[in-house]
K.L.:
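My questions will all concern the structure given below.
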Amino acid sequence: MTWHPPETEVHRPVKRVDQKRAVKLEDGTAQKRIMHIDMDAFFASVEQRDNPMLRNKPVIVGGEKGKRGVVSTCSYEAREFGVKSGMPLYEAERLCPKGIFIKAHGKKYVDASVQVFEIFRKYTPIVEPVSIDEGYLDITGCIKIFGSERKIGERIKKEVNDTLGLTCTVGIAHNRIFAKLASGFQKPDGFTIFTKKDIKPRIYPLPVRKLYGIGEKTEEKLHKLKIFTIGDLAERSPLELKKYFGINGEYLVKKARGHSAAEVIAAESRPDEKSVGHENTFMQDVLDPDTIDRMYLKLSQKVGRRLRKKGFMGKIVTIKLRYSDFETHTHRETYPDLIKDDIDIYSAARQLYSDIYESGRPVRLIGVSVSGLARDRNEEGEMFQQSDLFKNVRKNEVNTVLDNLRNKFGENIISRITDYK
Ligand code: TTP
Ligand code: MG
């Protein structure tokens, strides 16, 4: 038997997000509210929806019984037996002999996914899909329209269920990391909201493994350092963790403290290009710090100019460093705000360089690139608060003038080094 979606309530899509409606904190600053939504047992739920015989049964999607292959996903009923995504089918069969094994029907899941994201976009235009069944929504500007963030979450959950016959779990917080944590909090069919007040009592006591990106191996290493909860990690010094995990160590602590980029990048705003970068091989290997400094400036200016020309901003800065013996290193950092200014790229690159450069070693090549690109919404006058707009105006004017000069007379016509010192 096939399943037909019922007639549903229609409400107008939200066209404009009004940043002035951002949630105001007691200290007068505005705070973003980010929603993370993840469908429950997605492929298995689609199968259960379309075939009522499968409902409330341990359904394992990935392949037929006795066939080679791995489990894509399974219903929550199958999870009670210990079946998991990625597990070989024979193991799933051993754990759950009564399981109903079915092969995946990709097109059906893609169709369901498209419908799910169509629903999300009715509530906010800023929707960033991150996989077939999950996405981030920036709901900051839409809260007043719908009454409250809880109402937005409840309405989305209801609409997904009423129209598609599927359940999802919703999490809301002031940044992406905690929003994702919230959506994983009460699965399936859950809804969790974290505010800043929840950080210490509700987020910090959670096992560190709950943080997105912390797998079994990292967890083991953290346990050896007596870090068991998110709070334990947040309270450590980034520099201490850097000793054990390299640059990732700093990032781990930032994650635990919720210092992630809050920006949700709508799919249609994503540029086709992945990164913008430039590098330079010196005519002779270089030891002089000023020569390296000047080259970083020049490369950052080139990168900045290309970014602006294309109307992009980016949040990841990566540098490349090759010593005279060809030993090559790259080093990157993800910043909370999207950047496009020469000065910001330059200072990020300089910082990254000084993090890794071993003094006394002659340098053959350096490079700078910016990735994690998004369309520069500033150009569209959207999403930025008035004060930010004004802050950016002067920088933008300077950049435009310099870009025009360089376009006309070439890269070396002018240097902004005096602006930076
Ligand atoms: P997930 O959201 O990770 O899993 P899920 O939706 O099945 O279950 P949960 O309730 O825990 O969110 O992945 C979404 C879909 O992606 C999943 O239904 C099947 C597919 N998938 C695979 O094919 N292989 C995998 O290893 C994983 C993790 C998912
Ligand atoms: Mg899911």
Side-chain angles (χ1 to χ4, degrees), residues 3 34-51 54-65 67-93 95-96 99-120 127-137 153 156-157 159-161 164-173 176-192 206-207 209-219 267:
W3 176 89
I34 308 297
M35 182 181 277
H36 180 259
I37 310 183
D38 191 306
M39 302 301 294
D40 301 320
F42 188 46
F43 294 2
S45 303
V46 172
E47 298 295 345
Q48 287 180 316
R49 175 193 78 182
D50 293 348
N51 180 357
L54 300 177
R55 290 183 198 161
N56 307 315
K57 304 255 170 70
V59 173
I60 296 160
V61 180
E64 285 156 19
K65 238 180 188 165
K67 292 264 163 73
R68 284 171 54 155
V70 292
V71 175
S72 269
T73 192
C74 59
S75 64
Y76 276 79
E77 292 80 6
R79 292 182 196 199
E80 282 175 26
F81 295 86
V83 181
K84 284 181 187 153
S85 292
M87 176 179 274
L89 288 174
Y90 66 80
E91 199 182 336
E93 207 180 319
L95 289 170
C96 185
I100 304 168
F101 287 73
I102 36 186
K103 56 179 192 195
H105 299 99
K107 187 180 174 317
K108 229 163 46 168
Y109 313 141
V110 171
D111 289 347
S113 173
V114 169
Q115 290 173 311
V116 163
F117 284 101
E118 271 169 11
I119 293 177
F120 297 170
V127 176
E128 181 180 332
V130 287
S131 82
I132 190 165
D133 86 325
E134 68 176 301
Y136 291 96
L137 285 68
I156 292 179
K157 279 174 72 68
E159 190 167 347
V160 166
N161 197 240
L164 305 180
L166 298 169
T167 62
C168 59
T169 301
V170 174
I172 304 178
R176 297 164 64 109
I177 287 192
F178 290 165
K180 170 121 181 149
L181 195 66
S183 80
F185 204 61
Q186 291 176 306
K187 250 186 169 301
D189 202 13
F191 187 4
T192 302
L206 295 172
R209 177 76 183 268
K210 294 268 177 201
L211 270 182
Y212 177 66
I214 296 191
E216 202 178 324
K217 288 207 175 115
T218 308
E219 183 191 35

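Not measured: the values here are computed from a predicted model. Quick note: residue numbers are just sequence positions, from 1. In listed order, ligands and their atoms are each counted from 1.
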K.L.:
Does a donor on one side chain sit under 3.5 Å from an acceptor on the other, for R79 and T73?
P.N.:
yes
K.L.:
What is the closest protein heavy atom to atom 7 (O) of ligand 1, and at what distance does it sit?
P.N.:
T73 OG1, 2.5 Å
K.L.:
For atom NZ of K84, decide whether the heavy atoms of other residues, nucleotides or ligands shown that lie under 6.0 angstrom number more than 12.
P.N.:
no
K.L.:
Could you tell me whether I132 and ligand 1 have an N or O pair separated by under 3.5 Å?
P.N.:
no
K.L.:
Give a yes or no on this: more than 12 heavy atoms of other residues, nucleotides or ligands lie within 6.0 Å of atom NZ of K65.
P.N.:
yes
K.L.:
Does an N or O anywhere in F42 fall below 3.5 Å from an N or O of ligand 1?
P.N.:
yes
K.L.:
In terms of atom number and element, which parts of ligand 1 are under 4.0 angstrom from non-hydrogen atoms of S85?
P.N.:
25 (C), 26 (O), 27 (C), 28 (C)
K.L.:
Answer with side chain, backbone, both or neither: which part of E134 has a heavy atom less than 4.0 angstrom from an atom of ligand 1?
P.N.:
neither
K.L.:
So is K180 actually on top of Y212's ring, under 6.0 Å and inside 45° of the axis?
P.N.:
yes
K.L.:
Between K57 and S75, which heavy-atom pair has the shortest distance, and what is it?
P.N.:
O-OG, 2.9 Å
K.L.:
Is there a donor-acceptor pair closer than 3.5 Å between any side-chain N or O of R49 and the backbone N or O of L164?
P.N.:
yes
K.L.:
Please write down residue, atom name and distance for the protein heavy atom closest to atom 25 (C) of ligand 1.
P.N.:
S72 O, 3.6 Å
K.L.:
Applying a strict 4.0 Å limit to heavy atoms, is P188 in contact with ligand 1?
P.N.:
no
K.L.:
Hey, is there an N, O or S on M39 sitting under 2.8 Å from the Mg ion (ligand 2)?
P.N.:
yes
K.L.:
Should the pair Y109 and F43 be assigned to parallel (<30°), tilted (30 to 60°) or perpendicular (>60°) ring geometry?
P.N.:
parallel
K.L.:
Taking the side chain as every heavy atom from C-beta outward, state whether S131 and D133 have any pair of such atoms under 4.5 Å apart.
P.N.:
yes
K.L.:
Restricting to N/O/S atoms, is D133 within less than 2.8 Å of the Mg ion (ligand 2) or not?
P.N.:
yes
K.L.:
Under 3.5 Å, is there a donor on one side chain and an acceptor on the other for S45 and D40?
P.N.:
no
K.L.:
Taking the side chain from K187 and the backbone from M39, do they hold a donor-acceptor pair closer than 3.5 Å?
P.N.:
yes
K.L.:
Which residue owns the protein heavy atom closest to atom 8 (O) of ligand 1, what's the atom, and how far is it?
P.N.:
R79 NH2, 2.8 Å
K.L.:
Quick test: of every protein heavy atom, which one is nearest to atom 2 (O) of ligand 1, and how far off is it to 0.1 Å?
P.N.:
D133 OD2, 2.9 Å
K.L.:
Check whether any N or O atom of M39, backbone or side chain, sits under 3.5 Å from an N or O atom of ligand 1, and answer yes or no.
P.N.:
yes
K.L.:
Measure from the Mg ion (ligand 2) to each N, O or S atom of D38 and report whether any distance is below 2.8 Å.
P.N.:
yes
K.L.:
Please report which non-hydrogen protein atom sits nearest to atom 12 (O) of ligand 1, along with the residue it belongs to and the distance in Å to one decimal place.
P.N.:
D38 OD1, 2.9 Å
K.L.:
Does ligand 1 have a heavy atom under 4.0 Å from the side chain of Y109, from its backbone, from both, or from neither?
P.N.:
neither
K.L.:
For atom 10 (O) of ligand 1, what's the nearest protein heavy atom and its distance?
P.N.:
Y76 OH, 2.6 Å
K.L.:
With a cut-off of 6.0 Å (strictly less than), are more than 12 heavy atoms of other residues, nucleotides or ligands near NZ of K108?
P.N.:
yes
K.L.:
Based purely on interatomic distance, does F43 place a nitrogen or oxygen under 3.5 Å from a nitrogen or oxygen of ligand 1?
P.N.:
yes
